[in-house]
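Order of the sequence lines fixes the chain letters, A, B, ..., with proteins taken first and strands second; residue numbering starts at 1 for each chain.
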Amino acid sequence: KSDGISKDEL
Amino acid sequence: MNVFRLAGDMTHLLSIVVLLLKIRTTKSCAGISLKTQELYVLVFLTRYLDLFTRYFSVYNVLMKLIFIGTSVAIFWYMRYHKVVKQTYSKDLDSFRHYHLILGCFLMALLIPFDFSVTEVLWTFSIYLEAVAILPQLVLLQKSRNIDNLTGNYVFLLGAYRALYLLNWIYRFFTEIHKIRWIPWISGLVQTALYADFFYYYIQSWRKHEELKLPA
């Protein structure tokens, strides 16, 4: 997943 | 966490504080779009489903709970509070926001981040947030005069996404090194929608005049 690591954003 | 991200989150939080302050102290929600507020409730509820499945940090959990709680509180005040609901500019708040919900949902089905229920809903929330301000902007355009708190609320809400754009640029070069099409393009659209408002907001601020949007 290209996006998984940045799902820490609100 | 970089400085742009933190500033963005704080601006977002401050916008909500300003709106709640307006509602609680003046007992009025004049000039505020209930439709936009309904869309935000939907945005937060669909995006933060991962509260149950993934843990990032205390900060992350806390902010998510605050955003869900405050958006529901604002919705409740405007819809059900005996005094506040009487001040709602219902006739001016005429944007058909159900079309936005339907359109964003179809978009999320066509171009989701991933094909699972939670990821489609996450994508839906990103698309919906990008356009959720539209009913509010239309209402402002129809309003004769826009009070300071309402103007500041919308300005802070726009500034929040602009700061997130800087955060994404920063993170791209320092951390992630990957293109994130869905949030980037949505965030760009979201910020661009405020361009007109920003222009008139800054002008009114520089000239010390009341904020007014041309029809």
>> Looking only at heavy atoms and a cut-off of under 4.5 Å, which of B/Phe67, B/Tyr59, B/Tyr48 has the most pairs with chain A?
In response: B/Tyr48
>> Under 4.5 Å from any heavy atom of chain A, what part of B/Phe44 do you find: side chain, backbone, both or neither?
In response: neither
> Does a sphere of radius 6.0 Å around CZ in B/Phe172 hold more than 12 heavy atoms from other residues, nucleotides or ligands, not counting ones at 6.0 Å or beyond?
Replying inline: yes
>> Quiz question: by atom type and distance under 3.5 Å, do the side chains of B/Asn2 and B/Glu175 form a donor-acceptor pair?
In response: no
> Counting only heavy atoms not in B/Tyr170, do more than 12 sit closer than 6.0 Å to its OH atom?
Replying inline: no
>> Does B/Tyr98, at its OH atom, have more than 12 non-hydrogen atoms belonging to other residues, nucleotides or ligands within less than 6.0 Å?
In response: no
>> Need one label for B/Asp9: side chain, backbone, both or neither, based on atoms under 4.5 Å from any heavy atom in chain A.
In response: side chain
